[in-house]
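From a predicted model like this one, the values you see are computed outputs, not experimental measurements.
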Amino acid sequence: MPLARLAASYGVATSYSPSPGHTVPASDTAVIAALAALDVDASTPEAAGAALAARETELSARLLPPTVVLWTDAPLPPSLAELPAGSRVRVDLEEGGTAEWTVPDGPGAPDGAARLPEPLPPGVHRLRVRCPGRSDAEAHLIAAPRRIRTPERRAHGLLVQLYSLLSRHSWGMGDLSDLADLAAWSGRVLGAGFVQVNPLHAAVPAAPEGHGSDPSPYRPSSRRFPDPVHLRVEAVPEFAYLRGAARERAEELCRRAARLREGVLEQGELIDRDAVWALKREALELLHDVPLGPGRRAEYNAFLAEQGPALEDHATWSALAEIHGPDWHSWPAALRDPDSPGTARARREAMDRVDFHCRLAWLTDTQLAAAQRAAREAGMDIGLVHDLAVGVHPGGADAWAQQRHFAPRMSVGAPPDAFNARGQDWGLPPWRPDRLAESGYAPYRALLRGLLRNAGALRIDHVMGLFRLWWVPEGREPTEGTYVRYDAEAMLAVLALEAHRADALVIGEDLGTVEPGVRETLREHGVLGTSVLWFERDWQGTGRPLPADAWRADCVATATTHDLPPTAARLTGEHVRLRHDLGLLTRPLAQERAEAAADVREWLGLLCRLGMLPGGIGCEEDEIRAVHRFLLATPARMIGVWLPDAVGDRRPQNLPGTWDQYPNWRLPVADAGGHPVTLEELAASPRLHALMAVFRDGSAEGRGARTAPPGAHPV
């Protein structure tokens, strides 16, 4: 079976298991397409045989893999420990200096484990080996601590989709000043240790002809740079120096922004990201004309030097997208290559717009830094928890600038399973594992470093993607895909290295179908998991709710997430009605309702037996508080409170499986009656304070969080 052997050598699966004990073969079409995306021709049996022979010759001749991982507390990895005696090894250290040794001839260490003569510092080093009778070899050497640090003490915090949280100063959607305000308030008043937000990655802009952008935070143009739509315009220092016609225009834009805000808060309008950005972009263009003072100019220049070509590419894409549209595949051929002479010429011609977009990245970074600083100054142990999306939009800035690292004509998704018989296609191009290894994981390293620069922790969406991803060939159904494996050890080593450098935590979203051994490996490296109350059951036994003391400690425990119904909707069964109204149910409504109600009764019954619901079943607010008392009774290191749960919101922020049928990513936080709630109203909400008092009263580590302040009013 040349095709199967060839596929295995490149990490392409020829079968998968949708459930324990059940194996499904992947189609030859999917396997051949995945290999083609890796530049391997397996289109015929003859081609596959020739490719296999070439691959086996390559592997047998290779002295070192492209990237070698060295855990700083462990023996040498096999690729170094098994070098022939007499081999000369040289390591050029990332921060300067070298380490050298010769592989001895004879027995190694007493425990049989080969070790370095001297420990290497954490970093990405250059490894060179000279072996007698063989060609010299070079590789990237990633030296990383084995474990990422975990919280020193238990922390509770808020989970929020930033766009959904408007204050009385927002321009129609939540912004970074709102985030700083939320962090400062919740840290000081509620004793919160963190605020977790949705991905703040740069979104795909609307097309010049007016077609709308993609509102999903999880399908961005770029994961490397934040979206300037989150800027608070008035907080940019240059705003104070606007004069004359520019000042008058800025004030008019502020008035229009106020109408946008009131439309959402008072008139039931949806959040309109494109309308918000149109106003902010014009205001920011006015600010771009204000000269920077010497100190500000020096700060901006330092940012440009630090970010280098990556920022220039991002800003160039943004400038070209203003002219040619947001999908680079439709651009003139000369501009589709970021390194072409045509692109260099276009960059020079659009230098002012390139500088404008560089300036936006800098301003956004400074406001993110201010939000993290506000969180830490408020006493938060962690502060901001940023979210890393699975991938990027195929037409966006990252896919253009980093083309060689993405697999062409492929999309990331999920195979068919018990919850979705058709599988899923997320429309995100996957990284090529071979190109990542050849580069020493440079794009991945830079991505993590950028996200962690203003964060105390990073949440990784679909963390199983560090191990493998489901590749769907272009034009095929998700059922016709196959898994492609990544070097999980290298991916985790880079993650551990960058988290170590940033002194940050890492949280993995490990919900759904998880390959055996993945959670154990993540736990070994200090990556916290995600545990959602309604899914925590004794699946290997009775199927009943898992007792609090049986939950894992290395996790963030929550009642819900951005992709699931709010707790109030689950308690009342409104999530079933909503899915029925949208035609999303695959079974009869009565059956879905009965199962959902039975699930809720089982959990509430457990809470009653534990004394966490002393008033009995029937009061929604009491039930939501009881759910969080249960979370507090688990050993989870972090406990997250979905902010809409604190005010009784029944509407999901996102409803998977829908696009136009439901206003995904466009709903503001609202109360039980559906009326939007501002940040100021949240801060004065007795309902929110009553819920958060659970953490003050139930935790020995409470830090004096207060109940509602004088003058509080019901929300």
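Among residues two or more places apart in sequence or in another chain, the side chain to side chain donor-acceptor pair (under 3.5 Å) test is passed with Asp175 by Arg232. Scored by the side-chain contact (heavy atoms from CB on, under 4.5 Å) test, Pro663 finds Leu270, Arg666, Leu667 as partners (sequence neighbours excluded). Residues satisfying the side-chain contact (heavy atoms from CB on, under 4.5 Å) test with Glu322, not counting sequence neighbours, are Arg353, His357. Considering only residues two or more places apart in sequence or on other chains, Ala389 meets the side-chain contact (heavy atoms from CB on, under 4.5 Å) condition with Pro199, His201, Tyr218, Pro220, Arg223. For Glu282, the side chain to side chain donor-acceptor pair (under 3.5 Å) partners at least two apart in sequence or on another chain are Arg249. Residues that satisfy the ring pair (Phe, Tyr, Trp, His ring centres under 6.0 Å) test with Tyr662, not counting sequence neighbours, are absent from this structure.
Note that CG of Leu159 and OG1 of Thr561 are 9.0 Å apart. Values are rounded to the nearest 0.5 Å. The CD atom of Gln196 lies 12.5 Å from the CG atom of Leu162; values are rounded to the nearest 0.5 Å. Considering CG of Leu505 and CG of Leu458, their distance stands at 10.0 Å, rounded to 0.5 Å. Going from atom OG of Ser177 over to atom CH2 of Trp171 covers 12.0 Å, rounded to the nearest 0.5 Å. Note: Leu582 CG to Leu578 CG = 5.0 Å, rounded to the nearest 0.5 Å.
Panel note: side chain Ser221, backbone Gly396; no donor-acceptor pair is recorded below 3.5 Å.
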Kindly indicate, with the supporting measurements, whether the criterion ring-ring contact (aromatic ring centres under 6.0 Å, His included) is fulfilled by Trp642 and His562.
CA-CA 8 Å; Trp642 178 235; His562 67 277; 7.3 Å; no
For the pair Leu495 and Val506, evaluate side-chain contact (heavy atoms from CB on, under 4.5 Å) and give the outcome as yes or no after the intermediate values.
CA-CA 8 Å; Leu495 182 60; Val506 176; 3.8 Å; yes
Given the rule in the side chain to side chain donor-acceptor pair (under 3.5 Å) test, do Trp426 and Gln424 qualify, once you have shown the distances and angles that lead to the verdict?
CA-CA 6 Å; Trp426 302 331; Gln424 300 175 57; 3.0 Å; yes
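Ionic pairing of Glu252 and Arg259 is present here: one or more N-O contacts between side-chain nitrogen and carboxylate oxygen are shorter than 4.0 angstrom. Salt bridge present: Glu266 and Arg168 bring a charged side-chain N and a carboxylate O closer than 4.0 Å. One finds a salt bridge joining Asp313 and Arg347 here, because a Lys/Arg side-chain nitrogen approaches an Asp/Glu carboxylate oxygen to under 4.0 Å. Checked for salt-bridge contact, Arg435 and Asp39 meet the test: a charged N lies under 4.0 Å from a carboxylate O. A salt bridge does not link Asp425 with Arg476: every distance from a Lys NZ or Arg NE/NH1/NH2 to an Asp or Glu carboxylate oxygen is 4.0 Å or more.
Heavy atoms from other residues, nucleotides or ligands lying under 6.0 Å from CZ of Arg409 number 12 at most. Atom CD of Glu477 has 12 or fewer heavy atoms from other residues, nucleotides or ligands within 6.0 Å. Atom CZ of Arg255 is surrounded by more than 12 heavy atoms from other residues, nucleotides or ligands within 6.0 Å.
Tested against Leu388, the residues Leu452, Leu447, Val463 include a single side chain to side chain contact (heavy atoms under 4.5 Å, CB included) partner, Leu447.
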